[in-house]
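Below are the structure tokens for one structure; questions will follow.
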Amino acid sequence: MAQTITQKILARAANREFVKTGESVWLNVDILLTHDVCGPPTFDIFREKFGPDAKVWNPEKVVVLPDHYIFTENEHAKRNIDLLRKFAAEQNLPNYYDVGSERYKGVCHVALAEEGYNIPGTVLFGTDSHTCTSGAFGMFGTGIGNTDAAFILGTGKLWEKVPESMKFVFNGEMPDYLTAKDLILQILGDIGTDGATYRAMEFDGQAVYSLPVEERMTLTNMAIEAGGMNGIIAADSVTEAYVRERTDKPYEVFTSDPDAVYHSVYRYDASKLEPVVAMPHSPDNRATVRSVKGTRITKSYIGSCTGGKLSDFVMAARILKGSTVAIPTSIVPATSEVDASLDTEHYDGQPIRRILQDAGCIIGPPSCAACLGGPQDTFGRSEDDDLVVSTTNRNFPGRMGSKRAGVCLASPLTAAASALTGELTDPREFMR
Amino acid sequence: MESIIEGRAYVLGKNIDTDQIIPAEHLVYSLSDPEEVKLYGKYALSGVPPAEGGLPEGDIPFVEEGRFESDYAIIVAGPNFGCGSSREHAPFALQTAGAKAIVAESYARIFYRNCVDGGFVIPYETAEQLNRTVKTGDELRIDIDRNTITNRTRMTTYELKPLGDVFDIVKAGGIFAYARQENLMA
């Protein structure tokens, strides 16, 4: 029987040849990811259920990346870091990336890729809804809660319902003013925030495979915004080159059978799409940037697992070089590796960091920062009735801090162009 | 497990995300220290814009100012309840405030799993748009064996969708109890 790539990966993890959509199967987990917000309660449940002296099923397969509330004076947040550190020491976890050490990375979904944990054909569960990001590597990644994570810590297994798949095909060539963020916001506007609930979102087509790995991660990152269980892009030579630079672990590349059955198939011509935003307060509230041109905004924010990768800042630099922002503009590199790359990566003869600083942007340290609001002293947090243009993934009420603020989700090109004018601006107005 | 759930209704709209159920700034409290746990009850549903909480009138808080528990045991909502982040603090906060069940048109996957596997609140689905007919404060009664919900204030009864595969986990009280019962854990 024909299977989708998601079915094949789940079948492998269930030690089966074939799994049916809709059936619940027990999976062997390749990697469990957790962070500072959900790690401590997960560890509490683990000790309560498996005993105070219990050991995790496989220390090599547990990755702990503190990233949410790092640069804050909040006492409770600091305590959470202490709890991670203590658990990692007790359990001898080799893959703990401690705050304040040279190993500190930052945003977990980007760090997983950089550190070589994203491997085609594998199964990743994480205590964060954006764990679906890793699907850009032709693997299965999805978010879970603390109880499920504690169950995995003790057993290495978890049940999952095999999802139906939706296929999104982008044919044609990507224009240089269009980004992966525009593609996923396009889809969200078409299917809504529950349009893919409990399903896999498979991305395909010439335009998708023309994207570098980091941009592919933006596509899969926001599968959860449509309710998707996972987002997935089969690995190709671009993926394999990225993976091989970071790990020598063996892997298997899976692809969907040509006659695999899909819940639905959506086809787009990338060359005909244009920059879009999601207006407050829902990621599916799509509008072309042109149609909302002139909407006054108070802040611009470029960061997060969705929009804080090196490629995002290179795009921002393309727009910002030689100009000055009109509104406060926060830059938050997802990880310390991205942060360091701002000095070594150049655009038009200048380091990215210098371009951003010369334009008047403020650069914060790598973490999730204001993407989800966080403690009151969080860098870039929204205040009062701010209207923020942001490269992040969610614009629910109160998401970036202030309950009265609004967030417009956009690509780094649009966020940069809008920063220059103080109003929502189509990046084509500044493309050189 | 009890077979009847009774209590007053708290009515909400659609797409109630986890940032509205428990805003991110509150995720720092311990989920095991009893004093800090109370705070999850206090702030449950505190991110809902005031006018959209306690429908149809609105401006009714789920938990009154200065209290840690809610007067409402059953939440009635539209589609896509619990969308957004994976924070298990969300169903935990609702349970801590005193909620026993949610009746919504549909759920986001992670929130649904968390409700079931953590044994916090029972996530029922209905085909009816119950949040259009039930008013906040109505007395509701859920019959778990018969899969029905009765609005005792308005004397109407509706079918609940069967819990299906997950009913055994709900009945056991969560994934750990279920796994022990089925000999899935060593």
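Chain naming here is simple, since letters A, B, ... match the order of the sequence lines and numbering starts at 1 in each.
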Hey, does F111(B) have a side-chain heavy atom less than 4.5 Å from the side chain of I102(B)? yes
What part of R199(A) lies closer than 4.5 angstrom to a heavy atom of chain B: side chain, backbone, both or neither? neither
In terms of heavy-atom pairs under 4.5 Å with chain B, which of I224(A), N74(A), I45(A), T142(A) leads? T142(A)
For atom CZ of R132(B), decide whether the heavy atoms of other residues, nucleotides or ligands shown that lie under 6.0 angstrom number more than 12. no
Tell me whether the count of non-hydrogen atoms from other residues, nucleotides or ligands lying under 6.0 Å of NZ in K42(B) goes above 12. yes
Which residues in residues 79-96 of chain B have any heavy atom closer than 4.5 Å to a heavy atom of chain A? P79(B), N80(B), C83(B), G84(B), S85(B), S86(B), R87(B), E88(B), H89(B)
In terms of heavy-atom pairs under 4.5 Å with chain A, the winner among N15(B), I110(B), L31(B) is I110(B)
Please walk me through it: do T136(B) and E57(B) pass side-chain contact (heavy atoms from CB on, under 4.5 Å)? CA-CA 8 Å; T136(B) 294; E57(B) 280 153 45; over 6 Å; no
Would you check if the distance from the ring center of Y198(A) to the ring center of Y107(B) is below 6.0 Å? no
Residue by residue, which of residues 156-168 of chain B have a heavy atom closer than 4.5 Å to a heavy atom belonging to chain A? D165(B), V166(B)
Atom CG in N393(A), atom CD in E225(A): separation rounded to 0.5 Å? 5.0 Å
Could you look at L372(A) and say if it's the side chain, the backbone, both or neither that has a heavy atom under 4.5 Å from chain B? both
I'd like to verify something: which residue of T193(A), T378(A), N146(A) has the highest number of heavy-atom pairs under 4.5 Å with chain B? N146(A)
Side chain from CB out, backbone as N, CA, C, O: work out which of these in E160(A) comes under 4.5 Å of a heavy atom of chain B, or both, or neither. both
Return the option, out of I144(A), L83(A), T127(A), T42(A), with the maximum number of heavy-atom pairs under 4.5 Å with chain B. I144(A)
For chain B, find which of G373(A), G227(A), P397(A) contributes the most heavy-atom pairs closer than 4.5 angstrom. P397(A)
Is any side-chain heavy atom of I191(A) closer than 4.5 Å to one of M201(A)? yes
May I have the step-by-step check of side-chain contact (heavy atoms from CB on, under 4.5 Å) for L158(A) and I175(B), ending in yes or no? CA-CA 10 Å; L158(A) 192 65; I175(B) 188 175; 3.8 Å; yes
Flag the pair H26(B) / Y40(B) as yes when their ring centroid distance falls below 6.0 Å, and as no otherwise. no
Between F125(A) and F140(A), how do the two ring planes meet: parallel, tilted or perpendicular, split at 30° and 60°? perpendicular
Name the member of R79(A), Q376(A), K157(A) that forms the most heavy-atom pairs with chain B at distances under 4.5 Å. R79(A)
So which residue, E25(B), R180(B), R113(B), ends up with the most heavy-atom pairs under 4.5 Å with chain A? R113(B)
Below 4.5 Å from any heavy atom of chain B, which atoms of A150(A) appear? Answer side chain, backbone, both or neither. both
Heavy-atom distances under 4.5 Å only: say whether W159(A) touches chain B with side chain, backbone, both or neither. both
Identify whether the distance between the nearest side-chain nitrogen and carboxylate oxygen of E2(B) and K100(B) falls below 4.0 Å. no
Taking all non-hydrogen atoms of both residues into account, name the closest pair between S32(B) and S30(B) and its distance. N-OG, 3.0 Å
Pair D386(A), S402(A): side-chain N/O donor-acceptor within cut-off below 3.5 Å: no
Measuring from atom NZ of K403(A) to atom CD of Q20(B), what distance do you get when rounded to the nearest 0.5 angstrom? 10.5 Å
Just checking, is any N or O donor in the side chain of T147(A) or D117(B) under 3.5 Å from an acceptor N or O on the other one? no
With side-chain contact (heavy atoms from CB on, under 4.5 Å) as the test, would you mind laying out the steps for L84(A) and H35(A) before giving the verdict? CA-CA 8 Å; L84(A) 290 188; H35(A) 52 51; 5.9 Å; no
Which atoms of Y69(A) are under 4.5 Å from chain B, going by heavy atoms: the side chain, the backbone, both sets, or neither? side chain
P23(B) versus chain A, heavy atoms under 4.5 Å apart: side chain, backbone, both or neither? neither
Main-chain N/O of K135(B) paired to D138(B) side chain as donor or acceptor, under 3.5 Å: yes
Which atoms of I169(B) come close to chain A, meaning under 4.5 Å heavy atom to heavy atom: side chain ones, backbone ones, both, or neither? side chain
Any idea which of V37(A), D128(A), D148(A) has the most non-hydrogen atom pairs under 4.5 angstrom with chain B? D148(A)
